[in-house]
J.: 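Before I ask anything, let me first share the structure, which is written out below as structure tokens.
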Number of protein chains: 2
Amino acid sequence: MDQAKGPRKGRTIGKTNDVNADLIAVVVAVNDAGPCVLTIEQGAALPSGPFELAHRSLQSGLRAWVELQTGQPLGYIEQLYTFADRDRVGANQRVISISYLALTREEDAGASGRRSWASWYDYFPWEDHRSGRPPIVLEELRPRLIEWADGADDGATRFDRRRRAAVAFALDGRAWNEELALQRYELLYEAALVEEAKRGGVLAILASVPGRSMIADHRRILATAIARLRSKIKYRPVVFELMPPLFTLLQLQRTVEALSGRLINKPNFRRLIEQQELVEKTGATTAETGGRPAQLYRFHHTILDERPVAGTKLPIARA
Amino acid sequence: MDQAKGPRKGRTIGKTNDVNADLIAVVVAVNDAGPCVLTIEQGAALPSGPFELAHRSLQSGLRAWVELQTGQPLGYIEQLYTFADRDRVGANQRVISISYLALTREEDAGASGRRSWASWYDYFPWEDHRSGRPPIVLEELRPRLIEWADGADDGATRFDRRRRAAVAFALDGRAWNEELALQRYELLYEAALVEEAKRGGVLAILASVPGRSMIADHRRILATAIARLRSKIKYRPVVFELMPPLFTLLQLQRTVEALSGRLINKPNFRRLIEQQELVEKTGATTAETGGRPAQLYRFHHTILDERPVAGTKLPIARA
DNA sequence: ACGCCTTATAATCAGGTAGACTATAACTGG
DNA sequence: CCAGTTATAGTCTACCTGATTATAAGGCGT
């Protein structure tokens, strides 16, 4: 039966190398409360489901599962990563997970039962530096990471662990790098400081650190999505996928700040956005901002086609 | 049998959603002749094979297939893209392709029969702008792209096609963007100007354009790899994976130029490399360069760990 | 030996950009 | 009408980037 379809060059004669392919979605939106991810199971899982014969493509399969499980239609989609799950190997079958990042607006939502929006920072409380470095880093993470580093057998490993922890979490006077979200999660996993590490057979000697966990490796996938998005907003104008049709420059800035987890210098942000000609004034203003009424802008769509390189460089405050 | 393994949440009751997963490798090296890709079948295919139960991970499966088919051991690997092949759908089975980019040095090669190194630019002759814009762009591509654009039914589509062609191939005074390698191939495919388009059921009215083709969608995967690599060398120091242990700054520059397909200003390149502290002098020199003997450098490995952000920005000459 | 060619290496200069900061305008709410 | 809040414009400086020129050190042919 395996040999029935097309030129497989005979490489799999006599074997079945069937796998099951799972599609997993990280659906991101930003509201006043900050950056959110679409979840099911009361925030414990990302929308997902197997790739089926009925699906025209991977992306359409993903859209189908997300819409079925959450009622959320998806717009912008990009692939994140594909990995084979070592822990879910059957007798003659393995599972491959193909993860995607989707950007949407929360108001697109049609009401649906099982879904809920959860803040990124419920899962990664150490990632939000908008009000300066969160206390959890120095109070909780640093001592436990040092404990983990010093638990290594040889001096070289101890040194290396300390260095990696310092780079990832901006210790010892280093600068915070918001794009290292995935490295940070993986470091905490390696140090058995997140709940998921215990499930993986690691006997966690150290207690878990604050931050909500998810089933399987869903939190790891979310960390991948955050890192990718934080990197991408700097060279591609993807932020606008998260904005309503009309918005003020401060709303745009707040969205970028929510994603990157750090504050941006206001005049510089405005200058950059305006000189890049990514937006255009509509002439309308809104008085709902509290102070002087703000101009309402809209995304300049044509620019997307003309300058495929152009990005939205973010002037992020240094210290 | 499908239900036997672990919590599948009953989503696939009564169905088999098995797929076959293929691993495909774009193995890149650079020699004096330029950037090369490792091929089998006399340059008609990339190394590939199905993901099997015996493989510990996707990456190790890929390494196994490449080494078996070409004798080439792989060092640096990164995932490119995963896609479901619409054209290879069986009764109860589909094929998923997971493509990877690998960087290596050609001298790593152990001799092996079926393999051969082929220049990128045999497959994409329009991509090499090191000696200025290649004649093929204006002589072959432009007239056929215009013909294709004007063949559209409505004026809006005609305008859009012309704009896309101009952006991708730097027509009408636009600047060449080497990172658009994939868009260019896809545009030529859409215009039925590459041989592969005919196989896809498209009745090619227009004749094919110069440039060697490959089986299935292997040339498309190669284009993806080129675009990814051309983008990545600008923000991550991956070039060094392609360099011998000791090299001169000009050799490094020539390698970057080979990949990006365009020339770099020499003093600026040196300044950038040196101030980034990505390399260190060995003290040794080589006289094999023809003129004054050049310093031999080596890659400064420790920098990789310390500055995960740092890249190798390329000062690429504008006009 | 000499000059010429080739490449290596250092130094300089101008324009642009990014970051930080200051100043002024326009509205709301007490 | 004043205080608070936000919007918007402008400035100043350090650094980066692209471009160019100058000098050094080898090989090679005559």
Side-chain angles (χ1 to χ4, degrees), chain A residues 32 129 175-178 233-235 246-257 260 262-298 307 309-319, chain B residues 32 175-178 233-235 246-257 260 262-297 307 309-319:
Chain A
D32 296 336
H129 285 230
W176 176 257
N177 183 349
E178 74 279 0
I233 48 174
K234 291 183 185 166
Y235 62 94
L246 297 183
F247 50 86
T248 71
L249 291 186
L250 186 59
Q251 286 169 351
L252 183 63
Q253 179 180 345
R254 292 288 177 245
T255 302
V256 172
E257 289 175 338
S260 63
R262 50 195 311 178
L263 295 183
I264 298 172
N265 182 290
K266 188 167 164 177
N268 294 350
F269 181 80
R270 295 175 60 90
R271 177 180 59 192
L272 202 62
I273 296 297
E274 283 173 334
Q275 82 184 13
Q276 295 234 115
E277 293 182 327
L278 292 169
V279 297
E280 58 184 359
K281 280 185 186 171
T282 61
T285 59
T286 176
E288 296 177 1
T289 52
R292 169 177 168 179
Q295 289 281 335
L296 283 171
Y297 289 79
R298 86 164 61 91
R307 297 195 318 210
V309 219
T312 324
K313 300 173 194 164
L314 304 182
I316 285 178
R318 282 204 170 151
Chain B
D32 297 335
W176 176 257
N177 182 349
E178 74 279 0
I233 47 175
K234 291 183 185 165
Y235 62 94
L246 298 183
F247 50 86
T248 71
L249 291 186
L250 187 59
Q251 286 170 350
L252 183 63
Q253 180 180 345
R254 293 288 176 243
T255 302
V256 172
E257 289 175 339
S260 64
R262 49 196 310 179
L263 295 182
I264 298 173
N265 181 291
K266 187 166 164 178
N268 294 350
F269 181 79
R270 295 176 58 89
R271 177 179 61 191
L272 202 62
I273 296 296
E274 283 173 331
Q275 83 185 12
Q276 295 233 114
E277 294 182 326
L278 292 170
V279 297
E280 57 184 358
K281 278 186 186 169
T282 62
T285 59
T286 177
E288 296 176 3
T289 52
R292 170 177 167 179
Q295 290 281 336
L296 283 170
Y297 289 79
R307 297 195 320 209
V309 219
T312 324
K313 300 173 193 165
L314 305 182
I316 287 178
R318 283 205 170 149

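Worth knowing before you read on, the calculation uses all heavy atoms, side chains too, and leaves out hydrogens, waters and symmetry mates. A note on names: the letters A, B, ... follow the listed sequences, proteins ahead of strands, and every chain is numbered from 1.
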J.: Within the structure shown, what part of the strands sits under 4.0 Å from B:Leu250 by heavy-atom distance: base, sugar-phosphate, or nothing?
T.: sugar-phosphate

J.: How close or far is atom P of D:dG10 from atom CD of A:Glu274, stated in whole angstroms?
T.: 11 Å

J.: Which whole-number value in Å describes the distance from B:Leu252 CG to C:dA8 P?
T.: 12 Å

J.: Where each residue is assigned the nucleotide of DNA chain C containing its nearest heavy atom, which of B:Lys266 and B:Arg271 is assigned the position nearer the 5′ end?
T.: B:Lys266

J.: Which listed nucleotide (D:dA24, C:dG19, D:dA19) is nearest to the side chain of B:Asn265?
T.: D:dA19

J.: Please report the closest heavy-atom contact between B:Ile264 and B:Glu257, naming both atoms and the distance.
T.: N-OE2, 2.9 Å

J.: Please state how far atom CZ in A:Phe269 lies from atom C1' in C:dA20, giving the value in whole angstrom units.
T.: 17 Å

J.: Of all heavy-atom pairs between A:Glu274 and A:Leu249, which one has the smallest distance, and what is that distance?
T.: OE2-CD1, 3.9 Å

J.: Is there a donor-acceptor contact under 3.5 Å linking the side chains of B:Gln251 and B:Tyr297?
T.: no

J.: Can you identify which nucleotide, out of D:dT17, C:dT9, C:dT22, has its nearest atom closest to the A:Pro267 side chain?
T.: C:dT22

J.: Taking the side chain as C-beta and beyond, is there a heavy-atom pair between B:Val256 and B:Phe269 under 4.5 Å?
T.: yes

J.: Please report, rounded to the nearest Å, how far the P atom of D:dT17 is from the CD atom of B:Gln276.
T.: 8 Å

J.: Identify the two heavy atoms, one from A:Leu296 and one from A:Thr286, that lie closest to each other, and give their separation to 0.1 Å.
T.: CD2-CG2, 3.9 Å

J.: Given atom CD1 of B:Ile264 and atom P of D:dT17, what is their separation to the nearest angstrom?
T.: 13 Å

J.: Tell me the interatomic distance from A:Arg292, atom CZ, to D:dT8, atom P, rounded to whole angstroms.
T.: 6 Å

J.: Between the two ends of the helix from C:dA1-D:dT30 to C:dG30-D:dC1, what is the bend in degrees, rounded to 10 degrees, where each end axis spans five pairs?
T.: 0°

J.: Among D:dG18, C:dA26, D:dT11, which nucleotide sits nearest the side chain of B:Asn268?
T.: D:dG18

J.: What's the CD-C1' distance between A:Gln253 and D:dT6, to the nearest Å?
T.: 12 Å

J.: Closest heavy-atom contact between A:Leu246 and A:Arg298?
T.: CD2-CB, 3.9 Å

J.: Between A:Arg270 (CZ) and C:dA25 (C1'), how many Å, whole number?
T.: 12 Å

J.: Between A:Gln253 and A:Asn265, which heavy-atom pair has the shortest distance, and what is it?
T.: NE2-C, 4.3 Å

J.: Establish, with yes or no, whether the OP1 or OP2 oxygen of D:dC15 is under 4.0 angstrom from a side-chain nitrogen or oxygen of B:Gln275.
T.: no

